[in-house]
Number of protein chains: 2
Amino acid sequence: MQISDAEWTVMNLIWESQPTAASDVIEQLAETHAWSAATIKTMLHRLVRKGALSATSSGRKYIYSCRVKRADCVLHASRSFLDRVFGGDTAPALLHLVESSKLTADQIDELKKLLDSMER
Amino acid sequence: MQISDAEWTVMNLIWESQPTAASDVIEQLAETHAWSAATIKTMLHRLVRKGALSATSSGRKYIYSCRVKRADCVLHASRSFLDRVFGGDTAPALLHLVESSKLTADQIDELKKLLDSMER
DNA sequence: ATACATTGTTTACACATGTAATCGAACGAG
DNA sequence: CTCGTTCGATTACATGTGTAAACAATGTAT
């Protein structure tokens with residue numbers, strides 16, 4: 001199962017607000033993207049068919065929930081991305097990503113703590 | 001211009017060995033992927049049409065070179081990926097990626113040095 | 001009952017991508 | 001010269017994706 005670019009937007013929103021009705025999803029995505037309701041409904045329908053989302057009837061509305069864990073999807077997508085773009089060698093990728101990111105002092109500290117813990 | 005998953009494999013190889021002839025590309029990719037020569041030739045042709053590669057005639061062979069910098073493509077792909085999967089917030093993404101990567105002690109040191117330099 | 005609005009499903013179309021065969025031109029060997 | 005091989009271009013087909021309209025069913029208001 002592969003989540004497409006546009007579908008990630010939908011999934012992220014539902015991960016953060018599930019369980020949620022289509023009308024809510026549509027309302028929020030219409031604000032941030034130039035998608036018609038029809039487009040969003042199609043994406044929801046396809047995600048259900050793919051097995052990423054489940055829909056349970058509530059009256060005639062469907063309430064959507066995620067059937068896959070965000071962490072699992074993120075991990076899979078991340079690995080796939082790193083493999084593809086960096087040929088599987090993680091470290092140069094991370095160096096590059098860190099270098100090109102704007103991080104706060106707190107965030108830098110947090111990363112350093114994480115690296116410390118990995119060293120032991 | 002968007003480089004597809006399979007095309008990244010081709011681009012990575014050419015970035016590392018350019019300028020290079022199609023026969024060389026085909027030979028090397030055939031070892032690592034179950035692609036026919038026809039498949040690889042198509043990808044090369046599409047990448048030229050996209051503007052990612054250039055091809056200069058040498059006799060009747062084409063010599064392929066990249067028209068785009070690896071660093072630029074990586075940066076663009078990385079940002080796009082982070083935006084899509086993590087909703088634009090880089091730090092949690094990096095934490096996640098670091099946490100799920102197997103890094104050597106040297107690589108950890110290198111990352112820490114980079115973070116140190118970003119703090120100043 | 002009828003008309004309208006809402007909701008999910010189905011249909012539509014264009015393009016990109018993965019995979020590869022086929023074709024036409026150029027080259028080399030006999 | 002002919003024939004076979006090689007090389008890039010063209011063609012092919014299936015699937016996925018982006019975008020959205022159209023349709024059918026259900027609910028609400030008059």
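Chain A is the first sequence line, chain B the second, and so forth, proteins listed ahead of strands; every chain is numbered from 1.
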Nearest-angstrom distance from the residue atom CG of L47(B) to C1' of dA16(C): 13 Å

Residue whose closest nucleotide on DNA chain D lies nearer the 5' end, A38(A) versus S4(A): S4(A)

Spacing of I26(B) atom CD1 relative to dA20(C) atom P, expressed in whole Å: 13 Å

Touch class at under 4.0 angstrom, heavy-atom based, for A21(B) against every strand present: nothing

Pair T39(B), S36(B): side-chain N/O donor-acceptor within cut-off below 3.5 Å: yes

Nearest-neighbour nucleotide for the Y62(A) side chain, dA20(C), dT17(C), dG8(C) considered: dG8(C)

Spacing between I40(B) atom CD1 and dT6(D) atom P, to the nearest angstrom: 16 Å

Any H45(A) side-chain N or O less than 4.0 Å from OP1/OP2 of dG8(C): no

Separation of atom CD in Q2(A) from atom P in dG18(C), rounded to whole Å: 11 Å

K50(B) or K61(A), whichever maps to the more 5' nucleotide of DNA chain C: K61(A)

CG-CG distance between L111(A) and L94(B), expressed to the nearest 0.5 angstrom: 6.0 Å

Polar side-chain contact R49(B)-dT10(D) base: donor and acceptor under 3.5 Å: no

Parallel, tilted or perpendicular, as decided by the 30° and 60° cut-offs, for the rings of W8(B) and W15(B): tilted

Touch class at under 4.0 angstrom, heavy-atom based, for A22(A) against every strand present: sugar-phosphate

Donor-acceptor pair under 3.5 Å, T42(B) side chain vs dA20(C) base: yes

Atom pair distance, as rounded to whole Å: CG in L53(B) and P in dG8(D): 13 Å

Whole angstrom value for the distance that separates C1' of dG18(D) from CG of D5(A): 10 Å

Nearest-angstrom distance from the residue atom CG of L29(B) to C1' of dA20(C): 15 Å

Any donor-acceptor N/O pair, K61(B) side chain to A22(B) backbone, under 3.5 Å: no

Check: dG18(C) base within 3.5 Å donor-acceptor of R46(B) side chain: yes

M43(B) side-chain proximity, nearest of dG8(C), dA21(D), dT19(C): dT19(C)

For atom NZ of K41(B) and atom C1' of dT5(D), their distance in whole Å: 11 Å

Which nucleotide in dC7(D), dA25(D), dT9(C) has an atom nearest any side-chain atom of R60(B): dC7(D)

Rounded distance (nearest 0.5 Å) linking atom OG of S17(A) with atom CG of N12(A): 10.5 Å

Any T39(A) side-chain N or O less than 4.0 Å from OP1/OP2 of dA20(D): yes

